[in-house]
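Here's the structure, in structure tokens; my notes come after.
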2 protein chains.
Amino acid sequence: MNEKLNQLKERLGEVADIGRAASVLGWDQQVNMPPRGNEARGQQLATLSKIAQEKFITDEIGRLIEDLKQELDGADTAEAAMVRVAERNYNKARRVPPSFIAEQAIVTAKAFEAWMEARSKSDFSIFQPHLEKVVELVHRYISFFPAGEHPYDTLLDDYEPGMKTVDVKAIFDKLRPKQVKLIKAIASSKQVKADFLYKKYNEKKLNDFGVDVITRFGYDWSRGRQDKAPHPFETTFSVNDVRITTRYEEDNPLAMLFSTMHEAGHAMYEQGVNPEYDRTPISGGTSLAVHESQSRMWENLVGRSYPFWEHFYPALKKTFPSQLDGVSLKSFYKAINKVEPSLIRVNADEATYNLHIMLRLELEIGMVEGTLAIKDLPEIWNTKMQEYLGITPPDDARGVLQDIHWSGGAIGYFSTYALGNLVSVQCWEKINKDIPSLNDQIRKGDFSELLGWLRKNIHQHGQKYEPQTLVEKVTGSKITPEPYVRYLTKKYSEIYGL
Amino acid sequence: MNEKLNQLKERLGEVADIGRAASVLGWDQQVNMPPRGNEARGQQLATLSKIAQEKFITDEIGRLIEDLKQELDGADTAEAAMVRVAERNYNKARRVPPSFIAEQAIVTAKAFEAWMEARSKSDFSIFQPHLEKVVELVHRYISFFPAGEHPYDTLLDDYEPGMKTVDVKAIFDKLRPKQVKLIKAIASSKQVKADFLYKKYNEKKLNDFGVDVITRFGYDWSRGRQDKAPHPFETTFSVNDVRITTRYEEDNPLAMLFSTMHEAGHAMYEQGVNPEYDRTPISGGTSLAVHESQSRMWENLVGRSYPFWEHFYPALKKTFPSQLDGVSLKSFYKAINKVEPSLIRVNADEATYNLHIMLRLELEIGMVEGTLAIKDLPEIWNTKMQEYLGITPPDDARGVLQDIHWSGGAIGYFSTYALGNLVSVQCWEKINKDIPSLNDQIRKGDFSELLGWLRKNIHQHGQKYEPQTLVEKVTGSKITPEPYVRYLTKKYSEIYGL
């Protein structure tokens, strides 16, 4: 068995290397690349995708998986998990022709460039023909798989293994009335003052403050770095090279701080995976929802908590004395947790965030079912924003063009954000049981026990456990909305005196 | 034929894409990568090299080349050149086993890291075992090829197609006594004052000045960028993404300016190649010597010329008023052309530079012949520095550890620098015949006709012509030292009143 396992690991290691090389090219494309470099870069990424695919779906790998599966079946070992995840990915990949992968890489490279231009000019028509091609490809992609209950299941399963459209809908259906009711109650309460958050904050000082915070969290700079990019993201080149990006927004400067904590949350997950899993199918986080649970935990459950700011607010006030002049800790805490229907998903507060996701899920399902024409997207987007959040985007840049995902073909991705919110609080309840003094530790700026807990219970496992298995193992139940509703209700009842 | 040609181009395009992806990873390794990312990066580069090799040396490509060669033989077309260069590279590559390429990538990634550390600690013993492995690999590499007149020929041919060790030695033998004689005459003349060059110059202002200069030269920023790295270099990801790096040296601040012009010279060559050659075997410069002729032309024949500074000196003086207080244009011009035996090759003046190369050539030949033990390198280096230039490095960082090349296995590379100097002046004499007003144009800061000439006569051709063919086509003769000797003698006779 050892020989076969080593053979499989060597083959899959090469495939992983190509994927990681592509990630470097993708990172560079967004962080550094001069504008005219894009066409060749698209071609290079297409070639890498094609070769990774060719190298993965060989008969030899199929045989190795089949043989090893027999021998390892059912064992709770990393090796058995590697073979299980390899099999799952292999069976998917065999269905997708290499020529399709290459075409997709070219189409999405061009779509990304078009999206950048469309967003900067706030003109959806620039992006529209590219998105149409992207959706066409999505339809073809779905057609490679056996029809399930819903065509969207195929897409969802790529980001959240085992999750079904009907399950997500059920979770969202439970959640929606609770969130809507809460938002209504908040809307009729005394409003929170937050104007001081939108003064002019120096970009470099804000950036440095964010860097200090995530250093304290435990983001390991000897195995990472931070750069500027149009959209914040985390990307992994190995367990020892996990990078994040950030951006400064004139009209919402403090968003930089929270998105830095968010991306660091993703990065610490990746940095915490057992290094022996690197270059194997179980490296990296186990699913997008679990990944998002980590980023949202550091951004919201830590970064927007009162104890956190008990520690950091004096330093922030010292850094921005004029902006925060006369603003008490309590006022600041309320302001950064102000609930207000707003245009941009990534800047939405915890009480409204999931509604942004529900909107996108419905549009994506419409695109996948073919019941929605791409050209109508801006109008439908704006109508739904009005319906769900009571506001209408003044332009496409702050509406349908705000997110990078569709330009990369990542349809099926968005719901994992909302699921991640749920998982974050589900874990948080358990963590607070296991570490009763957690709030005191956070109040002292000490995150070591928290990070240790996450490493031990979540990070180190990589993809050894499937997401729902892991969530159940950690919290005692599969993904469920109740803890999140409890958390929101308690937090906002205090802030708004409900 | 068209179908076969398209097939070959498609296959070779993929190979080119992998090579370019590896270049992105290599650039990132030196410009951005966090320290601990190196091991995985070495692995990724090893995998890419291995796959590029596998994809290149297929029987299919061999057959396509063979068939197309028959049909295209002798034609002066880009297609015939593509097939000719492909054949040359193919025949070489078939001799080198993929496993060797992969091993080499891993060894050199580690050697690079060790070289970085060794240089920063000025401790050769850190680098020694890695260099020993590199040289071992070089011996194995040579053994894959039929024995030629000299084992070093195999290495030289990789960088300077068609060039033989005996030819380089002959050129250097003609050159050496002339340069030594000139240096001696200079040594016994009235010395030039240059202390003001070594004052403190602000890094950012210097960098900005360099950026202004190369923008004026015609470096196209929409198809490139500049970053900081430990060693300046140019790298090409496509004809539309040609990047350069720079560094600031405390003890020689203006070196930054000249190395920026140097790297921009390389980059403008790459940016000027016919875009239709991209992803084919004839993309990029035709050899290292011709490449170096371009970088040295912009750095020295333009950047250290009197007319150039007639234009730029007022701006430089305005940027650094205290450093250049009381320094006339003539004094500044003399200072930047001061001849003085010095330790660092990249900062050597034009009169001594080639002696640094001759030293390295002899050491490399010693390593290749096996007559020189790696552990003795620092001592031999220092002895030869004393013999050739009359000075001894005070430490290895400023001696044997100063260059990156050996850490990457690039043995056989150095002589192309000296050959490049010769080619630069050989072309320069022709350019001045074709553009009689060139000095007046440079005096006005106008480089457009010069760049146009280079594009038309050299850049656009890429690798369509072999280096010696191109040099002969452009100047009427193969590489020859006479023009360089004429240039040095005239320039330094004026400066030193010989």
Side-chain angles (χ1 to χ4, degrees), chain A residues 10-29 31-52 54-55 98 102 105 219-227 236-243 267 271 275 278-279 283, chain B residues 10-29 31-52 54-55 102 105 219-227 236-244 267 271 275 278-279 283:
Chain A
E10 200 183 309
R11 298 285 173 280
L12 296 178
E14 281 186 8
V15 175
D17 286 336
I18 304 169
R20 257 80 195 268
S23 296
V24 177
L25 268 63
W27 171 86
D28 179 78
Q29 187 175 38
V31 172
N32 305 301
M33 197 184 67
R36 291 181 58 190
N38 202 55
E39 195 181 331
R41 182 57 51 88
Q43 184 67 63
Q44 290 151 8
L45 284 166
T47 295
L48 291 183
S49 303
K50 179 165 168 277
I51 293 172
E54 281 171 13
K55 289 251 162 204
Y219 175 70
D220 182 351
W221 295 96
S222 75
R223 302 189 287 139
R225 57 179 281 137
Q226 188 196 44
D227 294 272
T236 303
F237 307 149
S238 81
V239 71
N240 289 323
D241 191 351
V242 182
R243 305 189 189 180
Q271 287 183 333
D278 224 27
R279 297 182 81 237
S283 70
Chain B
E10 199 183 310
R11 296 285 173 279
L12 296 177
E14 280 186 8
V15 176
D17 286 335
I18 304 169
R20 256 81 194 267
S23 296
V24 177
L25 267 64
W27 170 86
D28 179 77
Q29 189 175 38
V31 172
N32 306 300
M33 197 184 67
R36 291 181 58 191
N38 202 54
E39 196 180 331
R41 183 58 52 87
Q43 185 66 63
Q44 290 151 9
L45 284 166
T47 295
L48 291 184
S49 303
K50 180 166 167 276
I51 293 172
E54 281 170 12
K55 289 252 163 203
Y219 176 69
D220 182 350
W221 295 96
S222 76
R223 301 189 287 140
R225 58 178 281 136
Q226 188 195 46
D227 294 273
T236 303
F237 305 149
S238 80
V239 70
N240 290 322
D241 190 352
V242 181
R243 304 188 189 181
I244 55 179
Q271 287 183 333
D278 225 28
R279 297 182 82 238
S283 70

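Residue numbers begin at 1 in each chain, while the letters A, B, ... track the order of the sequences.
Side chains of A:R279 and B:Q44 form no contact here, defined as non-hydrogen atoms less than 4.5 Å apart.
Here A:N240 is the residue among A:L48, A:D278, A:N240 with the most heavy-atom pairs under 4.5 Å with chain B. Across A:G224, A:A46, A:A40, the residue that shares the most heavy-atom pairs under 4.5 angstrom with chain B is A:G224. In terms of heavy-atom pairs under 4.5 Å with chain B, the best-connected choice from A:E39, A:R20, A:R41 is A:R41.
Put simply, CZ on A:R223 and CE on B:M33 are 14.0 Å apart, with the number rounded to the nearest 0.5 Å.
With a 4.5 Å cut-off on non-hydrogen atoms, B:V31 touches chain A through its backbone but not through its side chain. Residue contact with chain A, scored on non-hydrogen atoms closer than 4.5 Å, involves the backbone and the side chain of B:N32 alike. Interface remark: B:W27 contributes side-chain atoms only to the contact with chain A (heavy atom separation under 4.5 Å). For chain A, no part of B:L45 is nearby; none of its heavy atoms comes within less than 4.5 Å.
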Verdict with supporting geometry, B:L25 and A:L25, side-chain contact (heavy atoms from CB on, under 4.5 Å): CA-CA 8 Å; B:L25 267 64; A:L25 268 63; 3.7 Å; yes
For A:I18 and B:I51: C-alpha separation, side-chain torsions, deciding distance, then whether side-chain contact (heavy atoms from CB on, under 4.5 Å) applies. CA-CA 10 Å; A:I18 304 169; B:I51 293 172; 3.3 Å; yes
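Ion pairing between A:K50 and B:D17 fails under the 4.0 Å rule for side-chain N and carboxylate O.
Across all non-hydrogen atoms, the minimal contact from B:G37 to A:D241 is CA-CB, 4.0 Å.
The number of heavy-atom neighbours closer than 6.0 Å to CD of B:E54, taken from other residues, nucleotides and ligands shown, is above 12.
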